Amino acid sequence: MQRKKSYRHRREFLLDSNQTRIRKPKKLRNRFLNILERVLLIRQIKKLFKTSIVVGILFSIMALFIVFAVFSPYFNLKKISVVRDNPDLDIERVEKVLEDFYGKNMLFLSQREVVSTLQESFPEFREIKVEENWPSEIILKITISPPLFNLLNTDTANFAVISADGVVLKEEPEEDLPVIKVFQHENTIQLREKIMDKEDLQKIIRAENFLQQVVKLPLHATHLYWTAKELHLISTGEMAIWLDLQQEIEPQLQKLEESINEIGLYTNQFVHIDLRIPKQIFWKLR
């Protein structure tokens with residue numbers, strides 16, 4: 001019996017020893033994995049900590065810069081430079097008109113407001129470009145509408161130069177520019193006055209070209225009747241061709257071209273030819 005017990009005991013001991021040997025590698029592996037997991041977690045935490053520090057520093061720098069830019073006079077507008085394409089542009093007056101913008105922070109400066117302020121005071125400015133030269137300067141590139149006609153106001157006997165946009169320019173009358181005699185305008189034509197629409201000026205040009213190039217009549221003078229909105233083209237023998245500026249020009253002149261033979265345009269002498277009434281033509285012989 002003792003032998004059997006001792007044999008059983010030895011067998012149980014061997015079994016326990018074998019199980020212990022089998023479980024030992026698993027424990028070592030689990031410990032290794034646990035240690036590895038802790039190491040990786042610590043690294044991730046350190047990495048996140050370092051990243052948060054860098055992000056915090058960047059945000060702090062940005063915040064300090066914004067505070068500095070907003071409250072420091074370093075970025076306040078101190079200089080306005082003007083680049084012009086016309087020597088008649090009054091730079092001192094431009095700076096005077098924009099004097100309320102001096103001292104404004106460049107971060108909040110509205111270019112649209114600068115342009116609208118200039119256009120209100122200088123309708124002859126065709127194009128205005130605003131360039132920012134940090135930290136405290138803006139550069140204005142200004143293009144003035146080119147001169148198109150000399151105007152002679154017969155009621156006040158004063159001359160003016162009108163631009164292609166219909167604005168009276170500061171320039172003196174030029175010999176090379178064609179002249180429009182203005183009637184029925186009792187007041188003196190003022191500098192920077194928006195005296196005509198651009199569309200009406202283009203009608204006048206097209207009418208003059210049509211008369212000379214299509215109808216083949218010389219143009220001696222152009223008369224503008226301000227109140228009536230009429231255009232009179234003076235040709236051979238002081239003949240006046242009457243046109244209505246409130247209507248399209250081409251259909252009116254087309255009637256003249258179609259009636260050349262019927263009215264004897266090149267053979268008769270006329271006081272005037274009236275093209276203002278739609279689909280009709282009236283004339284008076286001299």
Side-chain angles (χ1 to χ4, degrees), residues 82 84-99 115-128 140 142-212 218-235 238-250 252-253 272 274-276:
V82 180
R84 57 185 178 178
D85 69 340
N86 191 313
D88 291 323
L89 193 152
D90 192 343
I91 294 179
E92 292 183 0
R93 191 167 185 273
V94 169
E95 293 176 344
K96 178 71 174 176
V97 168
L98 296 178
E99 63 181 0
V115 171
S116 62
T117 300
L118 285 174
Q119 287 177 334
E120 287 178 5
S121 300
F122 302 93
E124 70 269 26
F125 289 178
R126 170 171 282 188
E127 186 178 16
I128 304 170
L140 305 176
I142 299 174
T143 302
I144 297 179
S145 179
L148 187 63
F149 287 107
N150 290 324
L151 297 184
L152 170 59
N153 187 352
T154 57
D155 287 4
T156 60
N158 75 298
F159 273 96
V161 178
I162 187 172
S163 75
D165 296 324
V167 179
V168 178
L169 300 176
K170 185 181 178 181
E171 301 176 9
E172 294 295 325
E174 300 180 14
E175 294 182 2
D176 296 337
L177 291 179
V179 177
I180 296 179
K181 288 186 177 181
V182 181
F183 300 85
Q184 301 176 342
H185 194 286
E186 297 178 356
N187 300 322
T188 302
I189 297 174
Q190 300 294 327
L191 175 63
R192 296 192 173 91
E193 179 183 353
K194 176 75 174 181
I195 193 170
M196 292 186 68
D197 293 331
K198 182 178 179 179
E199 292 75 16
D200 287 342
L201 288 171
Q202 291 301 314
K203 286 181 180 180
I204 293 174
I205 293 173
R206 295 201 304 271
E208 292 179 341
N209 291 337
F210 193 99
L211 183 70
Q212 297 175 91
L219 178 64
H220 297 322
T222 300
H223 295 173
L224 175 62
Y225 288 81
W226 185 257
T227 303
K229 296 296 181 184
E230 289 183 12
L231 177 66
H232 293 188
L233 301 180
I234 311 302
S235 186
E238 297 301 313
M239 171 182 62
I241 299 174
W242 297 356
L243 300 161
D244 187 353
L245 276 180
Q246 299 177 88
Q247 302 179 40
E248 288 297 323
I249 289 295
E250 284 75 12
Q252 298 179 65
L253 288 166
H272 66 259
D274 189 351
L275 305 173
R276 298 171 301 166

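Remember, predicted model here, so these are calculated numbers, not experimental data. In what follows, every heavy atom counts, from backbone to side chain, and hydrogens, waters and symmetry copies are set aside.
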Next on the checklist: Can you confirm whether K170 sits close enough to L191 that some side-chain heavy atom of one is under 4.5 Å from a side-chain heavy atom of the other?
Outcome noted: yes
Checklist entry - Do the non-hydrogen side-chain atoms of F125 and I144 ever get within less than 4.5 Å of each other? => result yes
Item to check | Partner set under side-chain contact (heavy atoms from CB on, under 4.5 Å) for P87, not counting sequence neighbours | outcome: none
Checklist entry - With a 4.5 Å limit on heavy-atom distance, are the side chains of N86 and E171 in contact? => result yes
Checklist entry - Is the count of non-hydrogen atoms from other residues, nucleotides or ligands lying under 6.0 Å from K194 atom NZ greater than 12? => result yes
Next on the checklist: Strictly distance-based, threshold 3.5 Å: is any side-chain N or O of Q202 a donor or acceptor partner for the main-chain N or O of K198?
Outcome noted: no
Next on the checklist: For I204 versus M196, what's the shortest heavy-atom pair and its separation?
Outcome noted: CD1-CE, 3.8 Å
Item to check | Residues, nucleotides or ligands: over 12 heavy atoms within 6.0 Å of Q184 CD | outcome: yes
Checklist entry - What is the distance from atom NE2 of H223 to atom CZ of F183, rounded to the nearest 0.5 Å? => result 4.5 Å
Checklist entry - If you draw a 6.0 Å radius around CD in E172, do more than 12 non-hydrogen atoms from other residues or ligands fall strictly inside? => result no
Checklist entry - Any donor and acceptor pair, going by atom type alone, linking the side chain of Q247 with main-chain N or O of R276 inside 3.5 Å? => result yes
Next on the checklist: Students often mix this up, so state it plainly: with edges at 30° and 60°, are the rings of W226 and H185 parallel, tilted or perpendicular?
Outcome noted: perpendicular
Next on the checklist: Please check this pair: side chain of N150 against backbone of E174, looking for a donor-acceptor N/O pair closer than 3.5 Å.
Outcome noted: yes
Checklist entry - Taking all non-hydrogen atoms of both residues, which atom of A207 and which atom of L253 are closest, and how far apart? => result CA-CD1, 3.6 Å
Next on the checklist: Treating S235 as the side-chain partner and L219 as the backbone partner, does any N or O pair qualify as donor plus acceptor under 3.5 Å?
Outcome noted: no
Checklist entry - Between K181 and T154, which heavy-atom pair has the shortest distance, and what is it? => result CB-CG2, 4.3 Å
Next on the checklist: I want to check something: taking the side chain as every heavy atom from C-beta on, are T222 and L233 in contact at a cut-off of under 4.5 Å?
Outcome noted: yes
Checklist entry - Under a 4.5 Å cut-off applied to non-hydrogen side-chain atoms, are L224 and L245 in contact? => result yes
Checklist entry - Should I128 and F122 count as side-chain neighbours, where that means a heavy-atom distance under 4.5 Å? => result no
Item to check | Distance (rounded to the nearest 0.5 Å) between E99 CD and T117 OG1 | outcome: 11.5 Å
Checklist entry - Can any side-chain N or O of S163 pair as donor or acceptor with the backbone N or O of S145 at less than 3.5 Å? => result no
Checklist entry - Are the side chain of D197 and the backbone N or O of G166 linked by a donor-acceptor pair below 3.5 Å? => result no
Checklist entry - Taking all atoms of both residues into account, what is the closest heavy-atom pair of E238 and I234, and its distance? => result OE1-CG2, 3.7 Å
Item to check | Side chain E230, main chain W242, donor-acceptor under 3.5 Å | outcome: no
